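The next block holds one structure in the form of structure tokens; read it before the comments.
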There are 2 protein chains.
Amino acid sequence: MRVSAKADYAVRAAAELAASPDGPVKGERLADSQDIPLQFLEHILLDLKHSGIVRARRGAKGGYWLAKPADEVSIADVIRAVEGPIAHVQSAPPESITYTGSAQELQNVWIAVRASLRDVLESTSLEDLVTGNLPDNVRELADDKDAWLPR
Amino acid sequence: MRVSAKADYAVRAAAELAASPDGPVKGERLADSQDIPLQFLEHILLDLKHSGIVRARRGAKGGYWLAKPADEVSIADVIRAVEGPIAHVQSAPPESITYTGSAQELQNVWIAVRASLRDVLESTSLEDLVTGNLPDNVRELADDKDAWLPR
DNA sequence: GATTTCGCGATCAAATCGGTCAGCAGAATC
DNA sequence: GATTCTGCTGACCGATTTGATCGCGAAATC
């Protein structure tokens, strides 16, 4: 249940792209501005490219840019591009697992977990992220004081 | 963002305990009924014991039982006992991370992610799980047809 | 054709994951 | 009090994942 460095980096790089007016942005600039190891970032950007979130051109004047408008790319899209499915249990999707005995209802819980993650990550676009205009449901969750307490 | 085998096992074993009328349940029976490797399960049960969720007695007539009523133990408690904090980003709690530039709002998103996970896992008790009587918010999420679709 | 920048596979050290082994420590039974 | 049962615990293990780095090829620009 943790967010990997890779996913975190990916979202930050994508945000940086979303905030840059069109035209290619060099990998190095992304790495600098978000303090991400350049060579690692390049692999991440490659993943993003493979899943159609980003485009790239080489050579001088080359760089990366978003393949779609920033309001059509969700944070979930970005995470999936680098990490695969968002909420797997034992490496299998929750809808494919069945439990026996007293744990029978557990599948519903994992489904609910995935749904609640999606509610946040799917509804927040890169544009929401860079403008600070988070969707109401997300803002509500983040504004709850208890949400900031560790456990 | 995945649920480990350990966490899955832990919840299932705890559910089995919650469903068993008091009196110690042997590790072997838990392992059998939930199809978990016994020796691995014993480590898990030890974690649960160390965090005060379970008690145990050795020897003949020994076994494990819940230290508290099943409606006072949440699934979140169980997961935390074996996996540590529920939603860390790069191994750090989201409230301790600060982002710069275009990613400044990202912290709020991670906080919201954690909050939404808590909404599900904290509100569901072992009793809810074994009776199938899931909290309304959880049931609502699980009943959504879209929640069952892979992505 | 020189330079710049991405593309991508190979490699790597360290950590994590899922699990087994073996031996010790209490509790019950005889 | 000896035996048996069952949990307690640390050591260990192979495989995978994580978080990178290196090196070289391929495109684009000048």
Side-chain angles (χ1 to χ4, degrees), chain A residues 1-13 17 20 23-32 34-67 79 81-85 88-92, chain B residues 1-13 17 20 23-32 34-67 79 81-85 88-92:
Chain A
M1 298 291 236
R2 51 187 288 279
V3 179
S4 68
K6 200 172 179 183
D8 189 49
Y9 289 162
V11 175
R12 283 153 61 188
L17 285 181
S20 305
V25 183
K26 284 181 218 170
E28 200 179 355
R29 228 189 79 198
L30 294 174
D32 282 355
Q34 284 297 324
D35 201 39
I36 302 171
L38 173 58
Q39 305 189 103
F40 191 33
L41 177 60
E42 281 176 341
H43 282 277
I44 292 169
L45 288 164
L46 199 55
D47 284 341
L48 293 180
K49 194 192 159 200
H50 286 153
S51 50
I53 290 173
V54 143
R55 290 201 198 174
R57 191 189 309 138
R58 315 191 228 201
K61 293 269 177 183
Y64 303 87
W65 64 96
L66 286 184
I79 295 181
V82 298
E83 283 207 320
H88 271 199
V89 179
Q90 295 224 45
S91 306
Chain B
M1 299 288 234
R2 51 187 290 279
V3 179
S4 68
K6 201 171 176 182
D8 189 48
Y9 290 162
V11 176
R12 284 154 61 190
L17 285 181
S20 304
V25 182
K26 283 181 217 168
E28 200 179 355
R29 230 189 76 197
L30 294 174
D32 282 354
Q34 284 297 321
D35 201 40
I36 302 169
L38 173 59
Q39 306 188 104
F40 192 34
L41 178 60
E42 282 177 340
H43 282 279
I44 293 170
L45 286 164
L46 199 56
D47 283 343
L48 294 181
K49 193 193 157 195
H50 286 153
S51 50
I53 291 175
V54 142
R55 291 201 197 171
R57 190 191 309 139
R58 315 192 226 200
K61 293 268 176 180
Y64 303 89
W65 64 96
L66 287 184
I79 295 181
V82 297
E83 282 206 321
H88 271 199
V89 179
Q90 293 220 46
S91 308

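In this text, all values refer to a predicted model and were calculated from it rather than measured experimentally. To find a chain, count down the sequence lines: A is the first, B the second, and so on, and within it residues start at 1.
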#### Entry: Any residue meeting side-chain hydrogen bond (donor to acceptor under 3.5 Å, both in side chains) with A:S20, in chain and number order, not counting sequence neighbours
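For A:S20 there are no side-chain hydrogen bond (donor to acceptor under 3.5 Å, both in side chains) partners, ignoring immediate neighbours.
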### Task
Describe, as an angle rounded to 10 degrees, how the axis at the first end of the helix from C:dG1-D:dC30 to C:dC30-D:dG1 is tilted relative to the axis at the last end, five pairs per end.
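Result, rounded to 10 degrees: 10°.
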Rounded distance in Å - [atom1] ([X]) to [atom2] ([N]):
X     : N      : atom1 : atom2 : value
A:Q90 : C:dC17 : CD    : P     : 13 Å
A:K6  : C:dA15 : NZ    : C1'   : 16 Å
B:E28 : D:dG7  : CD    : C1'   : 13 Å
A:R55 : D:dA27 : CZ    : C1'   : 17 Å
A:L46 : D:dT21 : CG    : P     : 17 Å

### Message
For B:S91 and B:G63, find the nucleotide of DNA chain D closest to each by heavy atoms; which residue's nucleotide sits nearer the 5' end?
### Response
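On the 5' side of the pair lies B:G63.
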### Message
Quick check on contacts: within residues 35-44 of chain A, what sits under 4.0 Å from DNA chain C by heavy-atom distance?
### Response
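Heavy-atom cutoff 4.0 Å gives A:E42, A:H43.
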Can you tell me if the side-chain N/O atoms of [X] get under 4.0 Å from OP1 or OP2 in [N]?
X     : N      : result
B:K49 : D:dC8  : yes
B:Y9  : C:dG19 : yes
A:Y64 : C:dG7  : yes

### A:P85: partners by side-chain contact (heavy atoms from CB on, under 4.5 Å), with sequence neighbours left out
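By the side-chain contact (heavy atoms from CB on, under 4.5 Å) rule, A:P85 matches A:H88.
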### Task
Quick one, give me the B/S/- string for nucleotides 23-30 of chain C, reading 5' to 3', where B means a protein heavy atom under 4.0 Å from the base and S means that only happens at the primed atoms, P, OP1 or OP2.
--BBBS--
Enumerate, atom names and distances included, each donor-acceptor pair closer than 3.5 Å involving a side-chain atom of residues 49-64 of chain A, sequence neighbours excluded.
| unit_1 | atom_1 | unit_2 | atom_2 | d |
| --- | --- | --- | --- | --- |
| A:H50 | ND1 | A:L46 | O | 3.4 |
| A:S51 | OG | A:D47 | O | 3.1 |
| A:S51 | OG | A:L48 | O | 3.4 |

